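A quick note: this is a predicted structure, and the numbers were derived from the prediction, not measured. Just so we're on the same page: letters track the sequence lines, and every chain starts at 1. Atom set for the values below is all heavy atoms of this structure, side chains included, hydrogens, waters and symmetry mates excluded.
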Amino acid sequence: MRRTDYFLPTLKEDPSEAQIVSHRLMLRAGMVRQSAAGIYSWLPLGLRVLRKIEEIVREEQNLAGAIEVLMPTLQPAEIWRESGRYEDYGKEMLRITDRHQRDLLYGPTNEELITQIFRDSVRSYKELPRNLYHIQWKFRDEIRPRFGVMRGREFLMKDAYSFDIDETSARTAYQKMFIAYMRTFDRLGLRAIPVAADTGPIGGDLSHEFIILAETGESEVFCHADLLSRAAPDADYDGDLATVIEPFTSLYARSDEMHDAALFEAEVPTDKQVRARGIEVGHIFYFGQKYSGPMGCRVAGADGKEVDVHGGSYGIGVSRLVGGIIEACHDEAGIVWPWAVAPFQIGVINLKPGDEQTDALSGKLYAHLTQKGLDVLYDDRNERAGGKFSDMDLIGLPWQAVIGPRGAAAGEIEIKNRKTGEKRSLDFEAACALLASPPPSDPPSASPAAQDKA
RNA sequence: CGGGGCAUGGCGCAGUCUGGUAGCGCACCUGGUUUGGGACCAGGGGGUCGCAAGUUCGAAUCUUGCUGCCCCGACCA
């Protein structure tokens with residue numbers, strides 16, 4: 001993409017309404033614009049990141065055997081009355097009345113809808129287990145939206161719903177999602193900590209929140225330090241999943257609401273005790289027959305008797321992750337994107353548009369990298385060098401390729417690693433080879449800055 | 001919803017107390033000089049001062065009502 005053809009309205013100054021770093025940077029980098037409190041328009045650069053995250057989430061869901069559907073944003077109130085949540089949900093649910101005075105709502109989640117679909121279509125245990133997911137916009141009318149897209153009212157979320165014949169089978173469905181989540185966050189360049197979460201009236205050990213460490217995180221996390229260095233499991237969903245998950249669930253990890261100080265002291269050696277702030281980016285949950293019962297979602301078992309199916313739901317905050325990643329990956333100058341989600345992997349800066357040699361070399365590099373399938377942003381604007389450098393640092397593309405008159409005359413391209421700041425001058429071939437893969441420093445592990453606060 | 005704050009050109013702000021020609025920086029447009037980390041000179045465009053009533057000869061400024069946004073708290077992917 002040539003910068004002169006693109007829509008990328010960057011801001012030199014911080015907008016006054018943005019307090020936390022990810023919100024500031026998203027506004028300054030021209031990723032989003034606020035439409036109303038907690039409601040955002042996604043500009044081209046932000047949309048690219050959102051789509052990349054979405055695609056990684058989708059790939060991992062598919063690998064784990066989940067099947068994609070798409071449910072609407074608006075739902076009839078009727079099914080929520082069936083489950084009993086229409087009255088329970090409170091003011092967070094945005095209620096709408098259509099021209100026929102029918103009660104609708106902008107979906108805050110989709111348990112009812114998917115249960116309705118499933119119960120109307122599936123009669124036999126032979127069609128279980130099944131896991132259906134979608135990636136869709138949701139709305140929760142938060143009392144106080146804040147932190148930009150991290151806590152908006154409208155947000156993009158992946159939510160999956162599993163259907164099983166019994167709890168044993170549901171446990172397997174849960175474990176698959178657990179593994180898929182660890183893999184997803186790993187691919188996004190994040191280190192997520194699975195913390196035990198409150199299972200509510202159902203009880204049991206089948207609820208985890210996935211938290212990434214960040215100084216501005218909303219929740220406090222207490223965990224064993226080894227969880228920060230565990231690599232994500234392989235995508236092998238046929239083996240003994242409990243064994244795969246065990247290394248993640250056996251170590252102490254809880255958020256403030258579930259924290260047990262005495263247990264923490266007893267289970268975790270002092271030098272391994274991590275206390276940090278974090279952002280919840282995913283939540284998986286087994287809820288048993290909570291919706292299938294009241295909503296009559298039953299299938300015939302092998303013995304011919306009907307049973308209420310066992311359900312679980314599994315959410316990932318896709319739009320929240322955009323902010324979350326920035327919280328974990330930035331520096332003084334701006335964003336530092338992990339390769340996998342960078343809106344463009346490479347920024348080419350032509351320092352002197354109009355100069356025959358720099359135009360030729362910049363154009364050649366841009367064409368060559370683009371042809372290789374890389375996402376390249378080519379800054380061909382006739383701006384001052386400083387402005388282009390600052391802009392490129394701000395939007396945080398992993399690699400920068402700088403071409404000026406002196407280098408062009410010598411056939412050299414200056415490559416800068418955004419994360420480390422390291423610069424090297426290379427000839428065309430060497431530059432192309434280097435730019436084709438992630439910088440060696442990528443992907444980052446959990447934010448060291450956040451850990452220091454422990 | 002309780003407490004606090006803000007609303008003046010695209011962005012950041014001054015002006016409001018003490019009513020009297022709407023201003024500054026950045027951005028934008030034109031011309032020129034510049035050109036490796038946010039240049040300089042000259043000229044220029046753009047604002048019903050959030051909305052509505054009121055007080056007044058006269059309101060960005062005073063009064064009342066409303067709306068929107070931000071921050072702190074209780075709640076959430």
task: Using atom CD of E383(A) as one end and atom C1' of rA27(B) as the other, report the distance to the nearest whole Å.
output: 11 Å
query: Quick one: on RNA chain B, does E218(A) or V402(A) contact a more 5' nucleotide (nearest heavy atom)?
result: V402(A)
field: Atom P, compared across rA60(B) and rG44(B): separation rounded to whole Å
entry: 26 Å
message: Whether the Y161(A) and H134(A) side chains hold a donor-acceptor pair (N or O, under 3.5 Å, no angle test) is what I'd like checked.
response: no
- request: Give one of base, sugar-phosphate or nothing for G324(A), where a contact means two heavy atoms less than 4.0 Å apart.
  value: nothing
task: Could you state the atom-to-atom distance from CZ of R85(A) to P of rC76(B) in whole Å?
output: 13 Å
- prompt: If you measure from the C1' atom in rG46(B) to the same atom in rG9(B), how many Å do you get, rounded?
  reply: 6 Å
- prompt: Between E220(A) and S255(A), does any side-chain donor sit less than 3.5 Å from a side-chain acceptor?
  reply: no
- line: The Watson-Crick or G-U wobble partner of rA7(B), with both key distances under 3.5 Å, is rU67(B)
query: Could E215(A) and R277(A) be called an ion pair, given the rule that one side-chain N must be under 4.0 Å from one carboxylate O?
result: no
task: Tell which nucleotide pairs with rC1(B), taking only Watson-Crick or G-U wobble pairs whose two distances are both under 3.5 angstrom.
output: rG73(B)
- request: Quick one: label L351(A) by what it contacts on the DNA or RNA (base, sugar-phosphate, nothing), any heavy atom closer than 4.0 Å.
  value: base
statement: Using Watson-Crick geometry (N1-N3 plus N6-O4 or O6-N4) or G-U wobble (N1-O2, O6-N3), each under 3.5 Å, rC28(B) is paired with rG44(B)
query: When the P atoms of rU18(B) and rC70(B) are considered, how many whole Å apart are they?
result: 32 Å
task: Taking atom types as modelled, find out whether Q400(A) and D393(A) have a side-chain donor-acceptor pair closer than 3.5 angstrom.
output: yes
Selection from rA74(B), rC76(B), rG36(B) that lies nearest to any side-chain heavy atom of A385(A): rG36(B)
field: Given rC69(B), rG36(B), rC71(B), the nucleotide with the shortest approach to the side chain of A37(A)
entry: rC69(B)
task: Please confirm whether R191(A) makes a cation-pi placement over F185(A), using NZ or CZ under 6.0 Å from the six-membered ring centre and within 45° of the ring normal.
output: no
message: Measuring only the C1' atom in each nucleotide, how far is rG47(B) from rC13(B)? A whole number of Å is fine.
response: 15 Å
- prompt: On a plain distance test, is the side chain of R151(A) in donor-acceptor contact with the base of rC75(B) below 3.5 Å?
  reply: yes
Nearest-angstrom distance from the residue atom CE of M392(A) to P of rG36(B): 17 Å
- prompt: Is NZ or CZ of R95(A) both nearer than 6.0 Å to the six-membered ring centre of Y86(A) and within 45° of the ring axis?
  reply: yes
task: Find the distance D391(A):CG to rG38(B):C1' and express it as a whole number of Å.
output: 9 Å
message: Give me the distance, rounded to whole Å, that separates rG23(B) from rG65(B) when you measure between the P atoms they each carry.
response: 32 Å
query: Whole Å only: how far is the CZ atom of R384(A) from the C1' atom of rU33(B)?
result: 11 Å
query: Heavy-atom contacts under 4.0 Å between residues 12-28 of chain A and RNA chain B, which residues?
result: K12(A), E13(A), D14(A), P15(A), S16(A), E17(A), Q19(A), R28(A)
message: Between rU21(B) and rA59(B), how many Å separate the two P atoms, rounded to a whole number?
response: 12 Å
statement: Here the distance between atom P of rU34(B) and atom CG of D355(A), to the nearest Å, is 16 Å
- request: Establish, for the pair K138(A) and Y106(A), whether the NZ or CZ atom is under 6.0 angstrom from the six-membered ring centre and no further than 45 degrees off its axis.
  value: no
- request: Tell me, please, whether F222(A) has R254(A) positioned over its six-membered ring: NZ or CZ under 6.0 Å from the ring centre and within 45 degrees of its axis?
  value: no
Position toward the 5' end of RNA chain B (nearest nucleotide), G387(A) or G282(A): G387(A)
query: Expressed in whole Å, how much space separates the C1' atoms belonging to rU34(B) and rC40(B)?
result: 8 Å
task: Take atom CZ of R153(A) and atom P of rC75(B), then tell me their distance rounded to the nearest Å.
output: 20 Å
task: Look at the side chain of E280(A) and decide which nucleotide, out of rG36(B), rA77(B), rC75(B), has an atom nearest to it.
output: rA77(B)
- prompt: When you check the phosphate oxygens OP1 and OP2 of rA74(B), does a side-chain N or O of R144(A) lie under 4.0 Å from one of them?
  reply: no
task: For G315(A), report the nucleic acid contact type (base, sugar-phosphate, nothing); a contact means any heavy atom under 4.0 Å.
output: nothing
task: Scan every strand shown for a Watson-Crick or G-U wobble partner of rA39(B), both distances under 3.5 Å, and answer none if you come up empty.
output: rU33(B)
- prompt: Out of rG73(B), rC69(B), rU34(B), which has the shortest distance to the side chain of Q34(A)?
  reply: rC69(B)
message: Please report the distance, rounded to the nearest Å, between CZ in R320(A) and P in rC76(B).
response: 12 Å
C1'-based separation of rC49(B) from rC6(B) [nearest Å]: 14 Å
task: Consider only side-chain N and O atoms of Y314(A) and H283(A), and report whether a donor and an acceptor are under 3.5 Å apart.
output: no
- prompt: Can you find a donor-acceptor pair, distance only, under 3.5 Å between E414(A) side chain and rG36(B) base?
  reply: yes
- prompt: Would F389(A) count as stacked on rG38(B) if the rule is ring centres under 5.5 Å and plane angle under 30°?
  reply: no
field: Distance-only polar pair, side chains of Y133(A) and N110(A), donor-acceptor under 3.5 Å
entry: no
